[in-house]
There are 2 protein chains.
Amino acid sequence: MNASQRLESLFARLKERGHRLTPQRAAILHALVEHPGHPSVEELHRQLLHSFPSMSLATVYKTIAFLKEQGEVLELGFGEAGCRYDGRRPEPHPHLVCTRCGAIRDCGPQEDRALRAMLLELADHAGFSLDHHRLDLFGLCPNCRKAS
Amino acid sequence: MNASQRLESLFARLKERGHRLTPQRAAILHALVEHPGHPSVEELHRQLLHSFPSMSLATVYKTIAFLKEQGEVLELGFGEAGCRYDGRRPEPHPHLVCTRCGAIRDCGPQEDRALRAMLLELADHAGFSLDHHRLDLFGLCPNCRKAS
DNA sequence: TTCCGTGCAAAGAGTTTGCATCTGT
DNA sequence: ACAGATGCAAACTCTTTGCACGGAA
């Protein structure tokens with residue numbers, strides 16, 4: 001599913017629920033889905049100010065909350081200083097976080113199947129159902145490894 | 001390594017570094033290591049007030065920060081409202097979080113080896129070194145499954 | 001006696017909320 | 001026109017910090 005398809009389907013859901021498609025909302029959705037990395041709220045807001053000089057941080061927060069509900073964005077809760085978001089792959093997937101430079105890299109989807117199986121097994125052992133998960137790996141990125 | 005051994009070795013490290021072994025510190029260490037669950041800072045503080053009616057939250061935070069440095073406690077960063085801590089198994093391990101009642105359960109160490117192998121592989125694929133990780137599974141605990 | 005630790009209060013950061021105004025539909 | 005969205009500022013929560021006093025070594 002590409003970005004414009006996702007935007008379209010999301011807009012449809014917005015309408016269904018009696019929500020409005022404001023220019024700000026469209027811009028936030030767009031920024032999230034198009035962003036290649038893992039932006040913070042501040043980052044998104046700063047970026048959005050270019051096209052909407054009066055856009056408030058609160059609006060960004062509110063819209064992101066809505067998108068989380070809709071499963072259109074993944075919230076990454078590490079970073080210790082503000083959440084980061086992933087609008088491109090909203091389903092949970094592992095992230096690699098460099099403890100030196102702070103870079104965040106997605107893990108490829110190669111091992112997804114094996115990982116899912118393992119997580120299901122873990123949950124099952126304890127009698128839990130599994131809804132979603134979070135997996136973050138911390139270490140040094142290739143650059144910082146070289147530098148050390 | 002049992003609780004009293006850990007306390008002892010930690011006390012030794014404190015001394016080495018020129019740190020003091022105050023009654024408050026001992027109490028915080030003790031409370032963390034003895035706690036069977038995943039207490040929040042507030043919870044620990046409340047509990048500690050019984051024996052130290054004047055103990056401040058700041059002291060608990062400061063001491064926990066020190067213990068994190070020392071690798072004596074694991075910080076669990078979910079919960080959206082305050083971190084939780086695990087003083088019994090300071091090494092990273094999976095946690096199951098009930099999205100209804102908030103219960104937090106440790107995963108058993110059964111699959112530890114397979115999991116570690118998988119995480120190392122994930123990190124390696126991206127050229128990262130692996131220092132530590134965090135794995136949280138969200139779903140319904142057995143009780144809440146029954147109730148639903 | 002000397003620092004380190006403590007406790008208090010104030011400061012900080014990130015996020016949420018209340019409310020008047022504005023605007024899609 | 002009406003319900004929902006926006007923007008602003010204030011409020012809130014968790015955590016950290018500054019500083020004077022107190023206590024372990």
Side-chain angles (χ1 to χ4, degrees), chain A residues 7 10-32 38-70 73 75-85 102, chain B residues 7 10-32 38-70 73 75-85 102:
Chain A
L7 286 179
L10 183 55
F11 291 167
R13 267 176 284 162
L14 276 172
K15 278 193 169 179
E16 267 175 32
R17 289 169 126 223
H19 287 291
R20 290 174 194 163
L21 179 45
T22 61
Q24 291 95 327
R25 218 165 245 180
I28 294 172
L29 304 182
H30 190 262
L32 262 169
H38 302 85
S40 67
V41 171
E42 287 288 355
E43 246 169 280
L44 287 170
H45 182 234
R46 207 179 315 125
Q47 181 178 322
L48 289 158
L49 280 179
H50 296 145
S51 8
F52 293 83
S54 73
M55 183 178 294
S56 85
L57 249 187
T59 298
V60 183
Y61 275 110
K62 285 168 186 165
T63 302
I64 287 180
F66 175 76
L67 292 174
K68 277 193 285 178
E69 273 177 34
Q70 292 288 309
V73 66
E75 186 176 71
L76 313 176
F78 48 71
E80 322 305 326
C83 292
R84 305 297 208 83
Y85 296 89
Chain B
L7 287 179
L10 183 54
F11 291 167
R13 266 176 285 160
L14 276 172
K15 279 192 168 178
E16 267 174 33
R17 288 169 127 224
H19 289 292
R20 289 173 194 164
L21 178 46
T22 61
Q24 291 96 327
R25 218 165 246 181
I28 294 172
L29 304 182
H30 191 263
L32 261 169
H38 302 85
S40 67
V41 171
E42 286 288 356
E43 246 170 279
L44 287 169
H45 182 234
R46 207 179 316 123
Q47 182 178 321
L48 288 158
L49 280 179
H50 296 146
S51 8
F52 293 83
S54 73
M55 183 178 293
S56 84
L57 250 187
T59 297
V60 182
Y61 275 110
K62 285 169 186 166
T63 302
I64 287 180
F66 175 76
L67 292 174
K68 277 192 285 178
E69 274 178 32
Q70 292 289 308
V73 67
E75 188 176 70
L76 313 176
F78 48 72
E80 320 307 325
C83 292
R84 305 297 207 84
Y85 296 90

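Lettering follows sequence order; numbering is per chain, from 1.
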_If you take any heavy atom closer than 4.0 Å to DNA chain C, which residues from residues 13-22 of chain B end up in contact?_
B/Gly18, B/His19, B/Arg20, B/Thr22
*Atom-to-atom span, CG of B/Leu67 to C1' of C/dG5 - whole angstrom*: 14 Å
*How many Å lie between CD1 on A/Ile64 and P on D/dA5, as a whole number?*
16 Å
_For A/Leu57 against A/His45, the heavy-atom pair lying closest together_ = N-NE2, 3.5 Å
*To the nearest 0.5 angstrom, please state how far the CG atom of A/Leu10 sits from the CG atom of A/Leu14.*
5.0 Å
*Answer yes when B/Arg13 and B/Glu69 have at least one side-chain N-carboxylate O distance shorter than 4.0 Å, and no when they do not.*
no
*With a cut-off of under 6.0 Å to the ring centre and 45° to the axis, is B/Arg17 in cation-pi contact with B/Phe66?*
no
_Nucleotide D/dT13, atom C1' - distance to NE2 of B/His45 in whole Å_ = 16 Å
_Closest contact, heavy atoms only, A/His30 versus A/Leu7_ = CD2-CD1, 3.9 Å
*Starting from P on D/dG23, measure out to CZ on B/Arg25 and report it in whole angstrom.*
16 Å
_Using the rule side-chain contact (heavy atoms from CB on, under 4.5 Å), only one of B/Leu67, B/Leu29, B/Thr63, B/Ile28 pairs with B/Val73; which is it?_
B/Leu67
*Which atom names give the shortest non-hydrogen contact between A/Leu49 and A/Ser54, and what distance separates them?*
CD2-N, 4.5 Å
*Starting at the 5' end of DNA chain D and moving along, which residue's nearest nucleotide shows up first, A/Gln24 or B/Pro23?*
A/Gln24
*Going 5' to 3' through nucleotides 8-15 of chain C, assign each nucleotide B (protein heavy atom under 4.0 Å from a base atom), S (under 4.0 Å only from sugar-phosphate atoms) or - (no protein heavy atom that close).*
B-----SB
*Minimum heavy-atom separation for B/Cys83 to B/Gly77, with atom names?*
SG-CA, 4.3 Å
*Would you mind reading off the distance between B/Phe66 atom CZ and D/dT16 atom P, rounded to a whole angstrom?*
16 Å
